[in-house]
Novice: 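Input: one structure, supplied below.
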2 protein chains.
Amino acid sequence: MNRESNILNDEQAVEIFKALSNQIRVNILQMLKEPDNNFSPQAHVIKEKGFDGGVCVSDIRIKAGLSQSTTSQYLSILLQSGLVEMKRIGQWTYYRRNQKTIEQFEKYIGLKI
Amino acid sequence: MNRESNILNDEQAVEIFKALSNQIRVNILQMLKEPDNNFSPQAHVIKEKGFDGGVCVSDIRIKAGLSQSTTSQYLSILLQSGLVEMKRIGQWTYYRRNQKTIEQFEKYIGLKI
DNA sequence: AAAGGATATCGGTAATTTGCGATATCTCTA
DNA sequence: TAGAGATATCGCAAATTACCGATATCCTTT
């Protein structure tokens, strides 16, 4: 009833703050604002697959400058917080921003902070 | 040139995210939205002293349910991040929200996140 | 100048986070 | 079905954070 609803609760918001309390994770979220500018185009051949804007982990890893394992972990922290969503296609996992949560987060900041 | 200017840089924003990555610190910031509803009135006899809305540490401590030392530390984390400002008046230190930073933070979220 | 109240700082332990390499899992292809 | 590539998970050491009690500092009052 809540990840669906309109305003985040404090617990969810704190989880988002934790996700964003690391510069590299913020960078990742920012990169994902403009996938076409920040990542090689091959990743986007999935437009037909219904996950437009998604970027695969290895591309993110290169830009972020992290090890593979840390990249994967950071992405799942972002996923847990709701800031991104993911879809596995073949052997790749694509991540992209979850604009719904990001909007809810903006509302939370405006109303509750 | 920056704490004055209009938009936060990433470093300042991450410092704010860290400050807010703890539920109790979020609670404190929220309490300070309505000092008159959340704290005993004695604290506000400083209206003439030019720090309207400020609340003393011991009052915050009681509401937050923390030890004196932790309360003091948490408040200085919030202060460092810019989310609150403080003024020492006599033997008391009053803290209140720093609306300027909070607005800049809201803008940051809207533009950069 | 001494005592007492308010707050800040210090020093510590437990818990959490950071980031890595190694390993496991999953999926495609030869 | 064996191998290779992509990603997830495990186990770990170092760094940071969460809190606390004790102590120090700063004001005020006597």
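Below, chains carry the letters A, B, ... as their sequence lines are ordered, and counting in each starts from 1.
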Novice: Measuring from A:Leu83:CG to A:Glu15:CD, what's the distance to the nearest 0.5 Å?
Specialist: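 The CG atom of A:Leu83 sits 9.5 Å away from the CD atom of A:Glu15.
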Novice: What's the CZ-P distance between B:Phe39 and C:dA6, to the nearest Å?
Specialist: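 Rounded to the whole Å, the gap is 16 Å.
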Novice: In whole Å, what is the span from the CZ atom of A:Arg61 to the P atom of D:dT7?
Specialist: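 From A:Arg61 CZ to D:dT7 P: 10 Å.
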Novice: For nucleotides 11-17 of chain C, give me one character per nucleotide, 5' to 3': B if any protein heavy atom sits under 4.0 Å from the base, S if the only such contacts are to the sugar-phosphate, - if neither.
Specialist: B-----S
Novice: With distance as the sole test, does A:Arg25 use its side chain to make a donor-acceptor pair with the main-chain N or O of A:Ala19 at under 3.5 Å?
Specialist: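 Checked: pair present.
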Novice: Let me know the distance between CG of A:Leu79 and C1' of D:dT9, rounded to the nearest Å.
Specialist: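 Computing the A:Leu79:CG to D:dT9:C1' distance gives 15 Å.
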Novice: Has B:Tyr74 got a side-chain N or O lying under 4.0 Å from the OP1 or OP2 atom of C:dT7?
Specialist: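 No, no such contact exists.
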Novice: Starting at CD of B:Glu15 and ending at P of D:dT17, how long is that distance when rounded to a whole Å?
Specialist: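 The answer, rounded to whole Å, is 10 Å.
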Novice: Using whole Å, report how far CG of A:Leu75 lies from P of D:dT9.
Specialist: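 In whole Å, D:dT9 P lies 12 Å from A:Leu75 CG.
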Novice: Any pair with a residue in residues 14-33 of chain B that passes ring pair (Phe, Tyr, Trp, His ring centres under 6.0 Å), sequence neighbours left out, goes on the list, sorted by first then second residue, please.
Specialist: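 Matches after skipping sequence neighbours: B:Phe17-B:Phe105.
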Novice: Side chains of B:Ser67 and B:Thr70: donor-acceptor distance under 3.5 Å anywhere?
Specialist: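 Judged by distance alone, the side chains do pair up.
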Novice: Would you indicate what B:Ser69 reaches in the nucleic acid, counting non-hydrogen atoms under 4.0 angstrom: base, sugar-phosphate, or nothing?
Specialist: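 Touches a base.
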Novice: Kindly point out which of C:dG19, C:dT7, C:dC20 is positioned nearest to the side chain of A:Ser67?
Specialist: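 Ranking C:dG19, C:dT7, C:dC20 by closest atom to the A:Ser67 side chain puts C:dC20 first.
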Novice: If we ignore angles and hydrogens, is there a donor and acceptor under 3.5 Å between the side chains of A:Tyr108 and A:Asn9?
Specialist: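 Distance-only check fails for A:Tyr108 and A:Asn9.
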Novice: Would you tabulate the nitrogen or oxygen pairs shorter than 3.5 Å linking the protein to nucleotides 26-30 of chain D?
Specialist:
none

Novice: Closer than 3.5 angstrom, by distance alone: can the side chain of A:Arg97 be matched with the main-chain N or O of A:Leu32 as a donor-acceptor pair?
Specialist: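 Such a contact is absent between A:Arg97 side chain and A:Leu32 backbone.
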Novice: Check whether any side-chain N or O of B:Thr93 sits under 4.0 Å from OP1 or OP2 of C:dA8, and answer yes or no.
Specialist: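 True: B:Thr93 side-chain N/O within range (under 4.0 Å) of C:dA8 OP1/OP2.
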Novice: Of A:Gln68 and B:Ser58, whose nearest nucleotide on DNA chain C comes first from the 5' end?
Specialist: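 Nearer the 5' end of the strand: B:Ser58.
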Novice: So B:Tyr94 and B:Val55, do their side chains get closer than 4.5 Å, heavy atoms only?
Specialist: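 Heavy-atom side-chain distance check fails, nothing below 4.5 Å.
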Novice: Between B:Asn38 (side chain) and B:Glu34 (backbone), is there a donor-acceptor pair under 3.5 Å?
Specialist: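 Indeed, once roles are kept as given, a pair shorter than 3.5 Å links the two residues.
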Novice: To the nearest Å, give me how far apart CG (A:Leu66) and P (C:dG21) are.
Specialist: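 Whole-Å distance recorded here is 11 Å.
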Novice: Would you indicate what A:Thr70 reaches in the nucleic acid, counting non-hydrogen atoms under 4.0 angstrom: base, sugar-phosphate, or nothing?
Specialist: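 A:Thr70: base contact, heavy atoms under 4.0 Å.
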Novice: Would you kindly give the CD1-to-C1' distance between B:Ile60 and C:dA8, to the nearest whole Å?
Specialist: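 Those two atoms, CD1 and C1', are 14 Å apart.
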Novice: Classify the nucleic acid contact of B:Ser72 as base, sugar-phosphate or nothing, counting any heavy atom under 4.0 Å across all strands shown.
Specialist: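 Counting heavy atoms under 4.0 Å across all strands, the contact made by B:Ser72 includes a base.
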Novice: Can you measure B:Phe17 atom CZ to D:dT16 atom C1' for me and round it to whole angstrom units?
Specialist: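 One finds 19 Å between C1' of D:dT16 and CZ of B:Phe17, rounded.
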Novice: Any link between A:Phe39 and A:Ile24 through a network of hydrophobic side chains (Ile, Leu, Val, Met, Phe, Trp, Tyr) touching at under 4.5 Å?
Specialist: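 Yes, it is one cluster - the side chains of A:Phe39 and A:Ile24 are joined through contacts under 4.5 Å.
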Novice: Verify, without hydrogens or angle tests, whether A:Ser76 (side chain) and A:Gln73 (backbone) share a donor-acceptor contact under 3.5 angstrom.
Specialist: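 Checked: pair present.
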